[in-house]
Amino acid sequence: MRRVQLYDTLSRETRLLMPITPPKVGLFVCGLTPYADAHVGHAKVAVVFDVVARALTRWGYRVFYVQNVTNLDDRLIERGGATSTDPMKLADQHFAAWRSAMDELNVRTVNYYPHATDYLPEIIVQVQQLVDRGFAYAARGSVYYDVARFPKYGALSGQKVEALQPGARVAVEAAKRSPEDFVLWKAAQPGEPAWESPWGPGRPGWHIEDTAITVRLFGPRYDVHGGGMDLKFPHHEAEIAQAEAATGESPLVNYWMHVGLVTMKGEKMSKSLGNVYGLDEALRTHGAEVLRFYYLNAHYRNPLDFAPGKSLEEAGEAYERLAAPARKLAGALRGSSSGAGSRELPAELAEDAVVAVRELDELLADDFNTREAIARLFVWSKRVGEWLPELAHLSPSALESLAAPYRWAGAMLGLFGPTGAPDARDEALAALAAAAIEARAAARTRGDFAEADRIRGALARAGIRLEDHGSTTSWQLGADDDAG
RNA sequence: GCCGAGGUGGCAGAAUGGUUAAUGCGACAGACUGCAGAUCUGUUUCCUGGGGGUUCGAUUCCCUCCCUCGGCUCCA
């Protein structure tokens, strides 16, 4: 297992990752409340932790990655009421859309998406534990957490309870003893989905599902908890208070990872502000890889300002500088089995490929510095660029060396498309392309440029784009697709 | 008010107590090319919010001020 440094919000320092039971790593990330279409802010968190899970797995850890789904809350009830839809059905619909967006984004590391309403027994047990231990009180059919009983409340976010401004944004509920108390169990209003409980019919409060789920799946303590910066307070604070009080064990989480928010013109992207850019639209107009690249081209902890019509366009230009050589190498490797060149790289360059991959690993293991890793990939691409004209003459092992950093990025960052082995169709295509390139070269040699351009045009219409490099010609698929 | 995160070139966005502050985008010039594209080379001089302090040396550490954003019980 590689040594990994992680920044932990609670201790405010970067520390070596020491799993509770190596090589296992329990990773819990706060997921969506799927009451509306997801936007590009939500997907950043998903991509960041996808990279975390990919990297840890590749470094020898056994990651159990859980992302919860809050499929019942006030907003869902409100939305459902407005559209005469069952709130949980509404959640299911949006969650299905989220899953398909995740597939498209190449986010496949989440092992389990528990839904809040599937954990009602665990939730009720945990609320009861908190009542029994004196950390919670029932009032008017609801149950509230008594924050005064938990002195550590505020440690994660640095808040002092007495300095909070009650009701700064959300009205204080009358049944609370103190404004900072938060609801564990909400008494049902007429017509709302409700479950029987020792306190009467009701439903879970916002924070309780996470700790009910993690105690069940991971036990009283686990390794890494992630989420957006905006969840630090009160949500994660409440999780600590709930779990540590209910189980009597501490700390709930060893490493808190908080992702910088996506903003627009400096302001947080959120549905309530109305300044959202839809995930669907981003995927449709720029594709999943460009979006992934955009997120990873900055440090995950920093805010990322999104400018519609600009950010993804620029990211697309930059990404192409990496993707193009990666694609050409992949194409050359596909073709190489049917007729390989024999030229080798200078020993120094081949060695540098090994060094580059090692350094990429080191950068990523330093609190997931994807931006710095991408900078190294650009540097590598510059060196690869010098060899592009020679691609057709290079040996398979030389091609593998040049491709190694891109393969690394494929595995770790989820970029550059599939990296599977070539199949029979790839080889047939490569042979056809080679024949066409040969015919065109002959036409060019005898000065018949009309014929040369006819061949190039015909291939382009079939989605095969040719590029001349001095005396050689390379080809690639779908590079100038007109979808965008 | 309190807590937290930020402020780096035309733009995006890293890093570090120490030679020219990464990388990319954009712009400009050149090389290569039948054309196109791609690629390469060079340029883009004065870029670390203001002011103090510590230090031989600060963008980095400390103090202070300013600005922006997030949170203060809906939030990725």
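Just so we're clear, the structure is a prediction, and the values are computed from it rather than from any experiment. Per chain, numbering begins at 1; letters A, B, ... match sequence-line order.
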For the [atom1] atoms, the ones on [N] and on [M], what distance do you get once it is rounded to whole angstrom?
N     : M     : atom1 : value
B:A21 : B:G26 : P     : 24 Å
B:U8  : B:A15 : C1'   : 11 Å
B:G13 : B:C47 : C1'   : 13 Å
B:C69 : B:A12 : P     : 16 Å
B:U45 : B:U54 : C1'   : 32 Å
B:U64 : B:G4  : P     : 13 Å
B:C25 : B:A38 : P     : 12 Å
B:G52 : B:G24 : C1'   : 36 Å

Rounded to the Å, how far apart are [X] [atom1] and [N] [atom2]?
X        : N     : atom1 : atom2 : answer
A:Glu359 : B:A22 : CD    : P     : 17 Å
A:Arg12  : B:C3  : CZ    : P     : 11 Å
A:Leu231 : B:C72 : CG    : P     : 10 Å
A:Leu388 : B:C32 : CG    : P     : 19 Å
A:Trp256 : B:G71 : CH2   : P     : 18 Å
A:Met269 : B:G71 : CE    : P     : 14 Å
A:Glu317 : B:C25 : CD    : P     : 8 Å
A:His258 : B:G71 : NE2   : C1'   : 11 Å

Let's test your reading of the model: under 3.5 Å, does the base of [N] pair with the side chain of [X] as donor and acceptor?
X        : N     : answer
A:Asn297 : B:G24 : no
A:Tyr153 : B:U73 : yes
A:Arg456 : B:C35 : yes
A:Asp468 : B:A36 : yes

Review point. Does A:Phe449 lie flat on the base of B:G34, that is, centres under 5.5 Å apart and planes under 30° off?
Key: yes

Tell me, please, whether [Y] has [X] positioned over its six-membered ring: NZ or CZ under 6.0 Å from the ring centre and within 45 degrees of its axis?
X        : Y        : result
A:Arg79  : A:Tyr35  : no
A:Arg177 : A:Tyr137 : yes
A:Arg321 : A:Phe378 : no

If pairing requires Watson-Crick or G-U wobble contacts with both distances under 3.5 Å, which nucleotide is the partner of [N]?
N     : result
B:G18 : B:C56
B:G6  : B:C67
B:C72 : B:G1
B:U23 : B:A12
B:A29 : B:U41

Point to revise | Residue whose nearest RNA chain B nucleotide is more 5′ - A:Thr263 or A:Lys271 | key: A:Thr263

Review point. Is the backbone N or O of A:Ala155 less than 3.5 Å from a side-chain atom of A:Glu237, with the two atoms forming a donor-acceptor pair by type?
Key: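 Checking the backbone N and O of A:Ala155 against the side chain of A:Glu237, a donor-acceptor pair under 3.5 Å is found.
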
**Study point:** Backbone of A:Asn106 reached by a side-chain donor or acceptor of A:Arg292 within 3.5 Å
**Key:**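 Checking the backbone N and O of A:Asn106 against the side chain of A:Arg292, a donor-acceptor pair under 3.5 Å is found.
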
Review point. Looking at residues 363-372 of chain A, who's got a heavy atom less than 4.0 Å off RNA chain B?
Key: A:Asn369, A:Arg371, A:Glu372

Exercise for review: Measure across A:Ala55 and A:Leu364 and return the closest heavy-atom pair with its distance rounded to 0.1 Å.
Suggested key: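 Nearest heavy atoms, A:Ala55 then A:Leu364: CB-CD2, 3.8 Å.
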
By the 4.0 Å heavy-atom rule, please label [X] as base, sugar-phosphate, or nothing.
X        : value
A:Gly41  : base
A:Lys310 : sugar-phosphate
A:Val379 : sugar-phosphate
A:Gly447 : nothing
A:Phe182 : base
A:Arg440 : base
A:Asn302 : sugar-phosphate

Review point. A:Arg321 side chain N/O closer than 4.0 Å to the phosphate oxygens (OP1, OP2) of B:C25?
Key: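 Answer yes for this pair, as a side-chain N or O of A:Arg321 is under 4.0 Å from OP1 or OP2.
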
Check your understanding: For B:C72, does either OP1 or OP2 sit under 4.0 Å from a side-chain N or O belonging to A:Lys160?
Key -> no

**Study point:** Aromatic plane relationship, A:His225 with A:His236 - under 30° parallel, 30 to 60° tilted, over 60° perpendicular
**Key:**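 A:His236 vs A:His225 ring planes: perpendicular.
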
Check your understanding: When the ring planes of A:Tyr294 and A:Phe306 are compared, do they come out parallel, tilted or perpendicular, using 30° and 60° as the limits?
Key -> perpendicular

Practice item. State which residues pass salt bridge (Lys or Arg N to Asp or Glu O under 4.0 Å) with A:Glu359; sequence neighbours excluded, sorted by chain then number. Key: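 Salt bridge (Lys or Arg N to Asp or Glu O under 4.0 Å) list for A:Glu359, sorted by chain: A:Arg376.
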
Exercise for review: Step by step, work out the salt bridge (charged side-chain N to carboxylate O under 4.0 Å, His left out) result for A:Asp50 and A:Arg54.
Suggested key: CA-CA 6 Å; A:Asp50 179 55; A:Arg54 281 166 180 264; 2.8 Å; yes

